[in-house]
Amino acid sequence: MRNKIFIQRYHSPCGEMVLGSFGGKLCLCNWTVEKHPGRVDSRLQSGLKADYVEGTTGVIEETARQLDEYFRRGRKSFDVPLLFVGTGFQKSVWRQLLDIPYGQTTSYGAMAARLGMPEAVRAVANANGANAISIIAPCHRVIGSDGSLTGYGGGLGAKKYLLRLEQERQDIILL
């Protein structure tokens, strides 16, 4: 008998997402329309020996609540337990994403250098593209070394939306 990854849809202001949990941890926060369809799903299901089952869990509900706060600009970081499923290298890249501060960006080259592998820019970019926990592990904060917006699993429109959300002034008072 296979394990279960519970999944639930989440409607974000910049696109439809799927949240998934396994063993009390968030393993999926991914776009339903993505650049490489099925790649993340296949890796999760084979790596966890699990099938997707529609349903909710406490972790999914808490993630949705925190995402709602994030999109209302009431949250700058997340505190749900995460489960990264991938190679050791991919996991090291994804953990590094968690250190990029809200409202700031970094480049693939800078990430590769921080990993002690300055020549691994393309591998870092590929690992970013394989991130299953978008927004929470903020791969949208990684841009080209020339400042250009490069590919994003949820599309460049979603990436632009998220970066603008984080960079707009927080101190504007509406009367």
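- Considering every non-hydrogen atom in both Ser12 and Gly15, the closest pair reads OG-O, 2.6 Å.
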Between Leu97 and Arg141, is a side chain to side chain contact (heavy atoms under 4.5 Å, CB included) present by the stated rule, with each step listed?
-> CA-CA 8 Å; Leu97 292 172; Arg141 295 179 188 155; over 6 Å; no

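- Criterion: ILVMFWY side-chain heavy atoms under 4.5 Å apart, direct or through other members. Under it, Ile143 and Ile135 are not part of a common hydrophobic cluster.
- A search for side chain to side chain donor-acceptor pair (under 3.5 Å) contacts involving Arg9 returns nothing, not counting sequence neighbours.
- Taking both residues in full, the closest heavy atoms of Asn128 and Met111 are given as ND2-SD, 3.8 Å, listed atom of the first, atom of the second, then distance.
- Counting heavy atoms from C-beta outward, Leu19 and Phe6 have side chains that stay 4.5 Å or more apart.
- Residues Val18 and Asn30 fail the side-chain proximity criterion, which asks for heavy atoms closer than 4.5 Å.
- When all heavy atoms of Asn131 and Cys139 are compared, the pair lying nearest together is ND2-SG, 3.2 Å.
- Nearest heavy atoms, Ala112 versus Ala120: CB-C, 4.0 Å.
- Heavy-atom minimum distance, Val85 versus Gly47: CG1-CA, 4.2 Å.
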Could you walk me through whether Glu54 and Ile7 pass the side chain to side chain contact (heavy atoms under 4.5 Å, CB included) test, one step at a time?
-> CA-CA 5 Å; Glu54 292 272 343; Ile7 60 168; 4.0 Å; yes

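- Considering CD of Glu61 and CD of Gln8, their distance stands at 8.0 Å, rounded to 0.5 Å.
- The minimum heavy-atom distance linking Glu62 with Val80 is given by the pair CG-CG1, 3.8 Å.
- Leu163 and Ile133 fall into different hydrophobic clusters, where Ile, Leu, Val, Met, Phe, Trp and Tyr side chains are chained together by heavy-atom contacts under 4.5 Å.
- Taking CD of Gln167 as the reference point, atom CG of Leu162 lies at 10.5 Å (rounded to 0.5 Å).
- Listed by first then second residue, pairs satisfying side-chain hydrogen bond (donor to acceptor under 3.5 Å, both in side chains) with a partner in residues 153-164 number zero, not counting sequence neighbours.
- Residue pairs that meet the salt bridge (Lys or Arg N to Asp or Glu O under 4.0 Å) test with at least one member in residues 93-103, sequence neighbours left out, do not exist here.
- Within the 4.5 Å cutoff, the side chain of Thr57 has no heavy atoms near those of the Phe22 side chain.
- Val124 is not listed as a side-chain neighbour of Gln96, based on a closest heavy-atom distance of 4.5 Å or more.
- Taking hydrophobic clusters as Ile, Leu, Val, Met, Phe, Trp and Tyr residues chained together by side-chain heavy-atom distances below 4.5 Å, Val142 does not share a cluster with Leu156.
- Note: Leu149 CG to Thr105 OG1 = 9.0 Å, rounded to the nearest 0.5 Å.
- A distance of 5.0 Å separates OG of Ser92 from CG of Leu115, quoted to the nearest 0.5 Å.
- At distances below 3.5 Å, at least one donor-acceptor pair connects side-chain atoms of Trp94 with backbone N or O atoms of Ala127.
- A donor atom on one side chain and an acceptor atom on the other are found under 3.5 Å apart for Tyr52 and Asp41.
- With 3.5 Å as the limit, one finds a donor-acceptor pair spanning the side chains of Asp68 and Tyr10.
- For the pair Leu48 and Asn3, the minimum side-chain heavy-atom distance is 4.5 Å or more.
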Take Val59 and Lys25, measure what side chain to side chain contact (heavy atoms under 4.5 Å, CB included) needs, and give me the verdict at the end.
-> CA-CA 6 Å; Val59 169; Lys25 295 182 179 183; 5.7 Å; no

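- Leu67 contributes atom CG, which lies 5.0 Å from atom CZ of Phe78 (distance to the nearest 0.5 angstrom).
- The side-chain hydrogen bond (donor to acceptor under 3.5 Å, both in side chains) test with Asp51 singles out one residue from Arg2, Lys4, Gln45, and that residue is Arg2.
- The distance from atom OG1 of Thr32 to atom CE of Met17, rounded to the nearest 0.5 Å, is 9.0 Å.
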